[in-house]
Amino acid sequence: MAVGIFDSGLGGLTVLDAVSRRLPEVPFVYLGDNANAPYGVRSADEIHALTVAGVNRLWQAGCDLVILACNTASAAALRRMQEAGVPQGKRVLGVMVPLIEALTERQWGDNSPPREVALKNVALFATPATVSSRAFQRELAFRAIGVDVEAQPCGGVVDAIESGDEILAEALVQSHVEALKRRMPFPEAAVLGCTHYPLMAAAFQSALGADVRVYSQADLVAASLEDYLRRHPGMLGTGPAPMFLTTGDPAKVSNKATLFLRRKITFQAA
Ligand code: DGL
């Protein structure tokens, strides 16, 4: 048994990096569905079907707990999977809730009614599928009232990052931030609601200005996973050695992942 980390492609590696730094004794099995990425331009039904297949693969690999290290999968598939029920002893968790808890300064498991929070104007940057799901606004409404969320679908950014075109990715970030600021000129906080975007955090920060607090997920998810495993030690096993699986071409994905994380990563076929 090990903890599974699922993403459509490489973005989840930002989460994998943070969780493995925080929990070095935990074996993680990473699965990137590179053959079907990007998810952000797919329909909710397609994203759901692909996510179910990926999570099943990680369960087969001996993981009892799977983290959807992908906002698009968390937004479009998680609730449906949880409502349909998962096999006995298995769990699947997403990356959006830890971020919202940090934003609303609520503790894990605080189920009190939604209340006013300090933040009033929040900019959300995410894939088109995440934005159209409105899952972020729905989860936020369970916890906070009076927060205005302006969401910007960031078409093209994931493709530019996955193809290693940093200049294009920066130009796209700049134009998406400008588009958002035309609708919300003074956001107090910005949420990078896609696990690829931490790689462009500096570009987002510089386009938004130094006074906007930029939230990204990796460290928040790592802290929340540590807390979860402390409360559910049975979900953590001794497990196999860490593994990187892909539905794409292992050699190509390994090269890209090595550039992406700036350390050697070797993927094998899922
Ligand atoms: N990294 C994923 C996310 O967090 C999505 C990338 C994609 O479009 O596949 O939303």
Side-chain angles (χ1 to χ4, degrees), residues 4-19 30-55 58 66-79 81 92-100 102 123-139 151-165 168-169 172-173 176 190-201 203-204 214-222 224-225 244 246-248 253 256-257 260-261 270:
I5 306 281
F6 175 75
D7 182 46
S8 58
L10 300 177
L13 291 172
T14 58
V15 173
L16 176 90
D17 209 32
V19 292
Y30 185 92
L31 170 59
D33 189 11
N34 301 77
N36 297 302
Y39 280 13
V41 288
R42 291 181 179 277
S43 71
D45 283 345
E46 281 177 317
I47 297 165
H48 175 257
L50 293 168
T51 305
V52 167
V55 169
L58 284 165
V66 174
I67 310 292
L68 300 183
C70 175
N71 291 270
T72 309
S74 301
L78 180 60
R79 177 170 282 253
M81 288 179 77
V92 54
L93 301 173
V95 284
M96 208 169 265
V97 168
L99 181 73
I100 291 172
L124 168 68
F125 297 95
T127 65
T130 299
V131 170
S132 66
S133 76
R134 296 191 56 84
F136 181 85
Q137 288 90 330
R138 186 187 64 222
E139 293 295 335
Q152 175 66 27
C154 297
V157 175
V158 167
D159 275 329
I161 294 174
E162 292 254 344
S163 61
D165 193 339
L168 175 60
L172 288 168
V173 166
H176 287 306
V191 170
L192 304 189
C194 169
T195 51
H196 282 71
Y197 300 171
L199 293 162
M200 303 310 298
F204 275 103
V214 176
Y215 287 79
S216 65
Q217 283 161 320
D219 291 331
L220 298 169
V221 171
S224 145
L225 177 61
F244 292 89
T246 177
T247 56
V253 174
K256 280 190 190 173
F260 197 84
L261 277 194

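Position 1 is the first residue of the sequence, and the numbers go up from there. Only heavy atoms go into these numbers, but all of them, side chains included; no hydrogens, no water, no symmetry mates. Both ligands and their constituent atoms are indexed starting at 1 by order of listing.
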Side chain, backbone, both or neither: which part of Val41 comes within less than 4.0 Å of ligand 1 when only heavy atoms are counted?
neither
Tyr197 side chain reached by Thr14 side chain, heavy atoms, under 4.5 Å:
no
re atom 5 (C) of ligand 1, the protein heavy-atom contact at minimum distance is Thr72 OG1, 3.4 Å
Which residue supplies the protein heavy atom nearest to atom 8 (O) of ligand 1, what is that atom called, and how far is it?
Gly40 N, 2.8 Å
Is the side chain of Arg79 donor-acceptor paired with the backbone N or O of Ala135 at a distance under 3.5 Å, no angle test?
no
If I apply the N/O under 3.5 Å rule, does Thr127 come out as touching ligand 1?
no
Strictly distance-based, threshold 3.5 Å: is any side-chain N or O of Thr247 a donor or acceptor partner for the main-chain N or O of Ala35?
yes
Taking everything shown except Arg134 itself, do over 12 heavy atoms lie less than 6.0 Å from its CZ?
no
Under 4.0 Å from a heavy atom of Pro38: give me the atoms of ligand 1 that qualify, with their elements.
7 (C), 8 (O), 9 (O)
How long is the gap from OG1 on Thr127 to OH on Tyr39, to the nearest 0.5 Å?
12.0 Å
Nearest heavy atoms of Asp219 and Ala18, plus distance in Å:
OD1-CB, 3.6 Å
Atom 3 (C) of ligand 1: closest protein heavy atom, distance to 0.1 Å, is Asn71 N, 3.3 Å
Is the side chain of Asn34 donor-acceptor paired with the backbone N or O of Gly248 at a distance under 3.5 Å, no angle test?
no
Would you call Ala37 a ligand 1 contact, heavy-atom distance under 4.0 Å?
no
Atom 2 (C) of ligand 1 sits nearest the protein heavy atom Cys70 SG, 3.3 Å
Check Thr195 against ligand 1 and report side chain, backbone, both or neither, counting heavy atoms closer than 4.0 Å.
both
In terms of relative ring orientation, are Phe125 and Phe204 parallel, tilted or perpendicular, with 30° and 60° separating the classes?
tilted
Distance filter under 4.0 Å to Ser8 heavy atoms, resulting ligand 1 atoms:
5 (C), 6 (C), 7 (C), 9 (O)
So is there a nitrogen or oxygen of Thr130 less than 3.5 Å from a nitrogen or oxygen in ligand 1?
no
